[in-house]
Amino acid sequence: TFEAMAGTPTTHNLYFASGGSEFIVDIVTEYVPSATATRTYTSSFNKVKSGQYIAPTTDPIVKDVAPTCGPARKATDVSGATFVETVTTLNGTYVKTAAVPASGTVGQPGYKPAVPEVLGPTYQCSYSGGHDVEVGGYSDTWTQTSTFDYMKIVKAQVWKLNRSKVNGMTELLETDEVSATITQGSPNVFSNIAKANTSAAGRLRYSNEADQHDHVVWLEGDSDNR
């Protein structure tokens, strides 16, 4: 690096660069007071099985002698509400001795009359369970309205610096004016003029959940089981 501009001589080529990455923006704006924007919020919970739910079940079948059933089960949800099931005994029969048909001829030697089947009782404890319902799944929606002032861009013009010059270079270059022309690196120019007073259109930005713009949805997970 040579400080040729400060008086340090050099035999190397000097380069002058100016413009190319510079531009001027000329805009016309309109002051807009008391604009409003409305944002919607939704909070949702998933449905869950009730905390009072009890799965129904039965005990094994018992023959001949009635069993003593277990106590009724109960379940309590987070609010303290309790459900108590019903216990009943299911009655049935089974074949203790199979029927035997008659054999031979009535009145003749060796005749054997038919023997009917013998049935015995069966018992089975049944526990009803119950309260098989889903609870929760609540959803709440509300809105928030903001009031603000803004400057509306009515017209925008971007001026790119194509050429530039520097004077006072006579002693170095034997000329008082040096010009430079852009050879590459034209600036990228873009703009967004919002068409609506919304975050999605770009009129305003919210600090909370900025990516959700004008409708925020919170999935809160499972409800409680009451």
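Contacts classified as salt bridge (Lys or Arg N to Asp or Glu O under 4.0 Å) and involving residues 46-56 (residues at least two apart or in different chains) are given here: Lys49-Asp132. Applying the salt bridge (Lys or Arg N to Asp or Glu O under 4.0 Å) test to pairs two or more places apart or on separate chains, those with a residue in residues 213-226 are Asp224-Arg226. The ring pair (Phe, Tyr, Trp, His ring centres under 6.0 Å) contacts involving residues 73-93 comprise Phe83-His131, where partners must be two or more places apart or lie in separate chains.
Scanning for side-chain contact (heavy atoms from CB on, under 4.5 Å) contacts around Thr86 gives Thr88, Ser128, with sequence neighbours left out. Partners of Thr76 under the side chain to side chain donor-acceptor pair (under 3.5 Å) rule, at least two apart in sequence or in another chain, are Thr82. Taking the ring pair (Phe, Tyr, Trp, His ring centres under 6.0 Å) definition, one finds that Tyr127 meets it with nothing, sequence neighbours left out. Remark: Thr89 pairs with no residue by the side chain to side chain donor-acceptor pair (under 3.5 Å) rule, at least two apart or across chains.
Between His213 atom NE2 and His215 atom NE2 the span is 13.5 Å, to the nearest 0.5 Å. Interatomic distance, Leu90 CG to Thr58 OG1, rounded to the nearest 0.5 Å: 7.5 Å. Taking CG of Leu204 as the reference point, atom OH of Tyr150 lies at 10.5 Å (rounded to 0.5 Å). Distance NZ/Lys152 to CZ/Arg203: 7.0 Å, rounded to 0.5 Å.
Across Ile153 and Ala156, no two heavy atoms sit closer than the pair CG2-CB, 4.1 Å. Considering all non-hydrogen atoms of both residues, Ala201 and Ala194 come closest at O-CB, 3.4 Å. Nearest heavy atom pair, residue Ser199 against residue Tyr206, reads CB-CE1, 3.7 Å. The heavy-atom pair separating Ser223 from Phe45 by the smallest distance is OG-CB, 3.1 Å.
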Would you be so kind as to tabulate the donor-acceptor pairs closer than 3.5 Å made by side chains of residues 116-123, with sequence neighbours excluded?
from: Thr122; atom 1: OG1; to: Gly92; atom 2: N; distance (Å): 3.3
from: Thr122; atom 1: OG1; to: Gly92; atom 2: O; distance (Å): 3.3
from: Thr122; atom 1: OG1; to: Thr93; atom 2: N; distance (Å): 3.4

Extract all donor-acceptor atom pairs below 3.5 Å that involve side chains of residues 63-75 and protein atoms in other chains or at least two apart in sequence.
from: Asp64; atom 1: OD1; to: Tyr94; atom 2: OH; distance (Å): 2.9
from: Asp64; atom 1: OD2; to: Tyr94; atom 2: OH; distance (Å): 2.9
from: Arg73; atom 1: NE; to: Glu85; atom 2: OE1; distance (Å): 3.3
from: Arg73; atom 1: NE; to: Glu85; atom 2: OE2; distance (Å): 2.9
from: Arg73; atom 1: NH1; to: Ala55; atom 2: O; distance (Å): 3.4
from: Arg73; atom 1: NH2; to: Ala55; atom 2: O; distance (Å): 2.7
from: Arg73; atom 1: NH2; to: Glu85; atom 2: OE1; distance (Å): 2.9

Show every donor-acceptor pair shorter than 3.5 Å between a side-chain atom in residues 26-37 and any protein atom, with sequence neighbours excluded, or say none if there are none.
from: Tyr31; atom 1: OH; to: Asp149; atom 2: OD2; distance (Å): 2.7

Which pairs of donor and acceptor atoms, one on a side chain in residues 133-141, lie under 3.5 Å apart (sequence neighbours left out)?
from: Ser139; atom 1: OG; to: Ser44; atom 2: OG; distance (Å): 3.3
from: Thr141; atom 1: OG1; to: Thr42; atom 2: OG1; distance (Å): 3.2

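In the hydrophobic clustering, where aliphatic and aromatic side chains (Ile, Leu, Val, Met, Phe, Trp, Tyr) are joined below 4.5 Å either directly or transitively, Trp218 groups with Tyr41, Trp142, Val216.
With hydrogens and angles disregarded, no donor-acceptor distance shorter than 3.5 Å links the side chain of Thr105 to the backbone of Gln108.
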